[in-house]
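Residue indices begin at 1 and follow the sequence shown.
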Amino acid sequence: MLSTLWARIRKINRLFLWVVVFPTFLAVLYFGIIASPVYISESSFVVYSPNEQVSTSSGLASLLSSFGGSNSTSAAQTISAYVSSWDAMMALNRAYNLKQVYGNDQIDIFDRFGGIFYPYSSFVRLLRYYQNMVDDVLDTSNGISKLTVRAYSAQDAKKINDFLLQKSQDIVNELNTTARHKAVYYAEQDVAKAKRSLRDATLALAAYRNAHKVFSPPAQSSLQLGMVSKLQDQLITQQTELESILAHAPENPQLPVLRSSIQALRGQIEAEKSKVTGDQESLASKDVEFERLTVNQLLAQKILEAAVTSLEQARVTAQKQQLYLETISRPNLPDAPQRPKRIEDILAVFIVSLMVWGVLSILYAGIKEHHER
C-alpha cells in the first residue's frame, strides 16, 4: 500500500517537475536574465476641421470643439493606415535603418529581427515585425489618436515616434493641398474660359469698329440727329425770312441768296439723314451687328464676374474645410523600460503551470483509478 502511494507521489512529483518547475525555471531564466528591456514612447493627437461640429470628451479635443472645431475621423484613419504601411516603414528605414534598430546584437536573440523567432532579412518580413512594434489607435468616442512605438532603447522609441508624428502632419498637409486643388480647380477653369470669351468678344467688337470706321452707332446717330435738328432750325429760320421778304420786298436782291442757302440746307439735311438711315454704310445698318457684338461683350463680362465670384467662394469653402493636426502630447523619452514585466510574467507562467498541473493530476488520478478497477 505504501509502495503504491510512494509510486504515485513520485509520478506526481515528476509531473510537477516538468509541468510547473521546469516552465517556471525557463520563465525566470528568460524574463529575469535574457529578455531585453523594451521602451515605449507614446504620443497623442487629434485631427479636426473648424467647420465640423461634434462633441468630444476631454482634454484639448474638447477645447477645440468649444471653438467650433472637431476631429476628422477619415483623416485620422488615413494616418493610422499610413503608420502601419509599407511606405511608412521604408521612409523610417531610410532615416534610421530599422534593421539595425531592431536587429542589433544588443537585443536578445529571441526578440530581435533576424533572431531565433524572426530569422529573416527581407523587407517584407521587416514590415510584419515593424507592425508589431508600432500602433496608431483611434478612439472614435473623442477622435484622439494614440501613437505607440516600442523599441529596445528609449532614444530609438522616441525618434521613431517623432518621425511618424511629423509624417502624420505631412499627410494632413497633403490632404489639405489635394482638397484645396480639387475645390478650386474647376472654378479656375471656368474663370480662364470666361477670360478667353471676354477677350474674343472684345477683339471682335474692336475689329468691327476698325473695319466699319464706327465707334458707337447709337451715340453717333444721336450726334448726327442733333446736327440735323440744328440744320432744320436754320432752314426754318431762313424760310421764315424768305417768306417775310417776299411779302414786303419781292424785288429784294437777297432772295436768290436765301433761296440758294435754303436749297443747300435741305441738301445737307438729307445728307446727314442718310448717314443715320439709308444705304449699307448708314449707322442704322451697322447698329444691329454692333449691338450684337456689344451684347456678347457684356455677357462675357458678366460671366467672368460670376466665375470670379464662384472661384472666391470655392476658396473660402476650401479654407473652411481645412484639416488641422493638433498634438495633444509630444512623444516622450521613457526613463525606464515598460516591458517585459518580469515578476508579473514569471508569476503568470507559474500560475498557468499550476493550473495545467492540477488538471493533469486530476486526469492522471482518474485514469489510474479506472485501470486499477
Side-chain angles (χ1 to χ4, degrees), residues 43-57 59-92 94-95 134-147 149 160-200 299-331:
S43 63
S44 57
F45 60 89
V46 61
V47 180
Y48 71 98
S49 178
N51 71 318
E52 295 178 356
Q53 295 285 342
V54 298
S55 61
T56 51
S57 62
L60 182 58
S62 178
L63 178 61
L64 294 173
S65 178
S66 66
F67 285 125
S70 77
N71 50 58
S72 175
T73 303
S74 59
Q77 290 173 340
T78 300
I79 292 173
S80 180
Y82 173 79
V83 166
S84 61
S85 70
W86 173 274
D87 288 346
M89 190 229 14
M90 293 304 293
L92 264 170
R94 287 190 293 270
V134 175
D135 289 319
D136 182 17
V137 179
L138 172 63
D139 187 344
T140 56
S141 65
N142 54 28
I144 296 177
S145 296
K146 184 177 180 180
L147 179 59
V149 176
I160 291 174
N161 202 317
D162 277 324
F163 183 89
L164 292 175
L165 190 62
Q166 181 58 50
K167 294 297 290 185
S168 299
Q169 179 65 67
D170 294 341
I171 290 173
V172 170
N173 294 338
E174 185 176 349
L175 290 174
N176 285 333
T177 301
T178 302
R180 186 164 54 248
H181 174 72
K182 289 182 178 179
V184 303
Y185 174 76
Y186 293 107
E188 289 177 339
Q189 296 298 310
D190 291 340
V191 169
K193 182 179 179 181
K195 286 181 177 179
R196 291 193 297 268
S197 298
L198 179 58
R199 181 197 61 193
D200 294 342
L299 182 60
Q301 185 174 354
K302 293 296 183 183
I303 292 175
L304 177 59
E305 292 174 357
V308 170
T309 301
S310 297
L311 176 59
E312 292 302 319
Q313 291 176 345
R315 286 174 176 167
V316 171
T317 301
Q319 185 65 31
K320 289 181 179 179
Q321 293 176 345
Q322 192 92 350
L323 293 171
Y324 298 91
L325 186 148
E326 190 69 35
T327 302
I328 299 175
S329 63
R330 299 292 305 174

Is any side-chain heavy atom of Arg330 closer than 4.5 Å to a side-chain heavy atom of Asp162?
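Heavy-atom side-chain distance check passes, below 4.5 Å.
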Heavy-atom distance under 4.5 Å between the side chains of Val191 and Lys195, does that happen here?
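A side-chain contact under 4.5 Å exists here.
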Roughly how far, to the nearest 0.5 Å, is [atom2] of [Y] from [atom1] of [X]?
| X | Y | atom1 | atom2 | answer |
| --- | --- | --- | --- | --- |
| Leu92 | Ile160 | CG | CD1 | 6.0 Å |
| Ser168 | Ile79 | OG | CD1 | 4.5 Å |
| Leu165 | Leu147 | CG | CG | 6.5 Å |
| Ser80 | Leu138 | OG | CG | 7.0 Å |
| Thr178 | Ile171 | OG1 | CD1 | 11.5 Å |
| Met89 | Ser84 | CE | OG | 11.5 Å |

If every non-hydrogen atom of [X] is compared with every non-hydrogen atom of [Y], which pair is closest and at what distance?
| X | Y | value |
| --- | --- | --- |
| Asn142 | Ile144 | OD1-N, 3.0 Å |
| Ala300 | Leu198 | CB-CA, 3.6 Å |
| Phe163 | Ala95 | CE1-CB, 3.9 Å |
| Leu323 | Ala75 | CD1-CB, 3.7 Å |

Output side-chain donor-acceptor pairs under 3.5 Å for residues 301-309, partner residues at least two apart or in another chain, one line each.
{"residue": "Thr309", "atom": "OG1", "partner": "Glu305", "partner atom": "O", "Å": "2.9"}

Taking the side chain from Ser310 and the backbone from Ala187, do they hold a donor-acceptor pair closer than 3.5 Å?
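Here the side-chain-to-backbone pair does not exist.
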Checking side chain to side chain contact (heavy atoms under 4.5 Å, CB included) for the pair Arg180/Thr177: CA distance, chi angles, key distance, verdict?
CA-CA 5 Å; Arg180 186 164 54 248; Thr177 301; 3.7 Å; yes
Within 6.0 angstrom of Glu174 CD, more than 12 heavy atoms from elsewhere
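For Glu174, atom CD is not crowded (no more than 12 foreign heavy atoms under 6.0 Å).
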